[in-house]
Novice: 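Let me begin by handing over the structure; questions about it come next.
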Amino acid sequence: MTFNEKLTELRKSKGWSQEQLGETVNVSRQTVSKWELGLTTPEMEKLIELSEIFGITIDELVGKSAPQKNATENQAQENSHRIFRLSRLNYEYKSKSHIGSLPLVHINTVGKAKGIVAIGAVAKGIVSLGLVSLGLFSWGFISIGLLAIGGIALGGAALGGLAIGLLAVGGLALGFFALGGLAVGIYSVGGCAAAAKIALGGYASAHIAIGDITSGEFCFKTASDSMRLIRAEVSELRDTIMREFPNTLKFIRELFCTAVK
């Protein structure tokens, strides 16, 4: 059996498409197609990687016959392959269950993972976890999603060292509503807070600014040791917000008023 025939047989035995095999070894579907048609052959690095993936020797992969082995020898070889792969931290798993074209779970510790649940160096899925993570719910050093958690987080709701989102919480937070050491947004709360409308912080700059040091059209000073306003000032703050920004959502308005009571 030639290499191209053996590769086709091994791929189909795994139930993989040419595209899925290509993703596993980081080549295009067209490259896999050329291998299987016998138009090109992989370089040695890819041959080694393919032999590890399918658990056979390079000689067997390229079509050379291999001596018969008993069950003990086969198990020993399988264990050696597993130990070798784990030593390289190169582990990959794809569930047989799919939703559409995506596997239900795809784990790839050193490469790209794409699935409903994806875990990998670069992960893309509904739920994703990785160094770089993209999904509805994502967690990673760089994270992008509807709910994103990471060193750098970008999302509808973002939590991270640097957080950018409609709701952003982080050391540096940028968003519609931002909460952080340095917070910038339409509404912001932080050690240093700057906002288009309302800001609350040790230093606050906004149209309505609340804090120890303030800059804005309407400034409400708080005690530096407690961040509190007297009751009369809280009532004035609420009236000011309702007058200046009548469309402010009630829970946002009450959040600022409650925070300084």
Side-chain angles (χ1 to χ4, degrees), residues 122-261:
V122 178
K124 183 187 296 184
I126 304 300
V127 178
S128 60
L129 170 64
L131 188 64
V132 178
S133 179
L134 174 63
L136 288 180
F137 306 97
S138 62
W139 184 14
F141 178 73
I142 299 176
S143 181
I144 302 173
L146 181 63
L147 172 60
I149 302 173
I152 300 174
L154 174 62
L159 172 63
L162 168 60
I164 303 173
L166 291 177
L167 171 61
V169 181
L172 171 58
L174 309 174
F176 177 80
F177 190 95
L179 173 63
L182 171 59
V184 180
I186 304 301
Y187 305 96
S188 63
V189 179
C192 178
K197 292 185 177 182
I198 309 171
L200 168 65
Y203 170 78
S205 177
H207 186 78
I208 300 175
I210 311 155
D212 182 35
I213 301 173
T214 57
S215 173
E217 189 70 22
F218 298 91
C219 296
F220 293 83
K221 295 282 188 176
T222 60
S224 58
D225 60 342
S226 64
M227 290 294 291
R228 293 291 186 265
L229 297 175
I230 63 174
R231 186 176 299 275
E233 289 177 322
V234 172
S235 178
E236 182 183 351
L237 171 61
R238 181 178 286 106
D239 291 343
T240 302
I241 295 173
M242 293 178 67
R243 182 181 67 252
E244 295 298 311
F245 304 115
N247 294 324
T248 299
L249 295 175
K250 183 178 179 181
F251 87 89
I252 293 179
R253 181 180 69 241
E254 293 304 316
L255 179 65
F256 281 100
C257 291
T258 301
V260 295
K261 280 184 178 180

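Each residue takes its place number in the sequence, starting with 1.
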Novice: Side-chain donor-acceptor contacts of residues 136-149 below 3.5 Å, not counting sequence neighbours, with atom names and distances?
Specialist:
| residue | atom | partner | partner atom | Å |
| --- | --- | --- | --- | --- |
| S138 | OG | S143 | OG | 2.6 |
| S138 | OG | I144 | N | 3.4 |
| S138 | OG | I144 | O | 3.0 |
| S143 | OG | S138 | O | 3.0 |
| S143 | OG | I149 | N | 3.4 |
| S143 | OG | I149 | O | 3.4 |

Novice: Output every pair passing ring pair (Phe, Tyr, Trp, His ring centres under 6.0 Å) with a member in residues 143-179, not counting sequence neighbours, ordered by first then second residue.
Specialist: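 Passing the test, one end in residues 143-179: F176-Y187.
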Novice: Quick one: side-chain hydrogen bond (donor to acceptor under 3.5 Å, both in side chains) partners of S188, sequence neighbours excluded?
Specialist: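 Result, side-chain hydrogen bond (donor to acceptor under 3.5 Å, both in side chains) vs S188: none returned.
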Novice: Yes or no on side-chain contact (heavy atoms from CB on, under 4.5 Å) for I208 and F256, after CA distance, side-chain angles and deciding distance?
Specialist: CA-CA 11 Å; I208 300 175; F256 281 100; over 6 Å; no
Novice: Pick from L154, L182, V184: which one makes a side chain to side chain contact (heavy atoms under 4.5 Å, CB included) with L174?
Specialist: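 Checked L154, L182, V184 against L174; only one passes side chain to side chain contact (heavy atoms under 4.5 Å, CB included): V184.
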Novice: Would you name the heavy atoms of S133 and S128 that are closest together and state the gap between them?
Specialist: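 That closest heavy-atom pairing would be OG-OG, 2.6 Å.
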Novice: Please report the interatomic distance CD(E233) to OG1(T240), rounded to the nearest 0.5 Å.
Specialist: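 Interatomic distance, E233 CD to T240 OG1, rounded to 0.5 Å: 10.5 Å.
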Novice: Testing the basics here: between A163 and G160, what is the closest heavy-atom pair and its distance to 0.1 Å?
Specialist: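 Closest approach of A163 to G160, heavy atoms only: CB-N, 3.8 Å.
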Novice: Among H207, K197, E217, which residue meets the side chain to side chain contact (heavy atoms under 4.5 Å, CB included) test with E244?
Specialist: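 Checked H207, K197, E217 against E244; only one passes side chain to side chain contact (heavy atoms under 4.5 Å, CB included): H207.
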Novice: Could you give the distance from CZ (F218) to CG (D239), rounded to the nearest 0.5 Å?
Specialist: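 Between F218 CZ and D239 CG, I get 11.5 Å after rounding to 0.5 Å.
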Novice: Write down the atom of A204, the atom of A199, and the distance for their closest heavy-atom approach.
Specialist: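 Reported closest heavy-atom pair: CB-O, 3.7 Å.
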Novice: Can you sort out the partners of T214 under side-chain hydrogen bond (donor to acceptor under 3.5 Å, both in side chains), two or more places apart, ordered by chain and number?
Specialist: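 Testing T214 for side-chain hydrogen bond (donor to acceptor under 3.5 Å, both in side chains), a comparison that skips the adjacent residues, returns none.
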Novice: Would you say F245 and R253 make side-chain contact, with heavy atoms under 4.5 Å?
Specialist: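 Answer no - side chains too far apart.
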Novice: Output the distance between atom CG (L255) and atom CG (L200), rounded to the nearest 0.5 Å.
Specialist: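 So the gap between those two atoms works out to 8.5 Å.
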Novice: Throw together a table of side-chain donor-acceptor distances under 3.5 angstrom for residues 164-173, partners on residues two or more places apart or in other chains.
Specialist:
none

Novice: How many angstroms lie between NZ in K221 and CD1 in I213, if you round to the nearest 0.5 Å?
Specialist: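 It is 7.0 Å, given to the nearest 0.5 Å.
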Novice: Tell me which pairs pass side-chain hydrogen bond (donor to acceptor under 3.5 Å, both in side chains) where either residue lies in residues 156-183, with sequence neighbours left out.
Specialist: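 Listed by first then second residue: nothing to list.
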Novice: Considering non-hydrogen atoms only, spot the tightest contact between A206 and I198 and give its length.
Specialist: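 The answer is CB-C, 3.9 Å.
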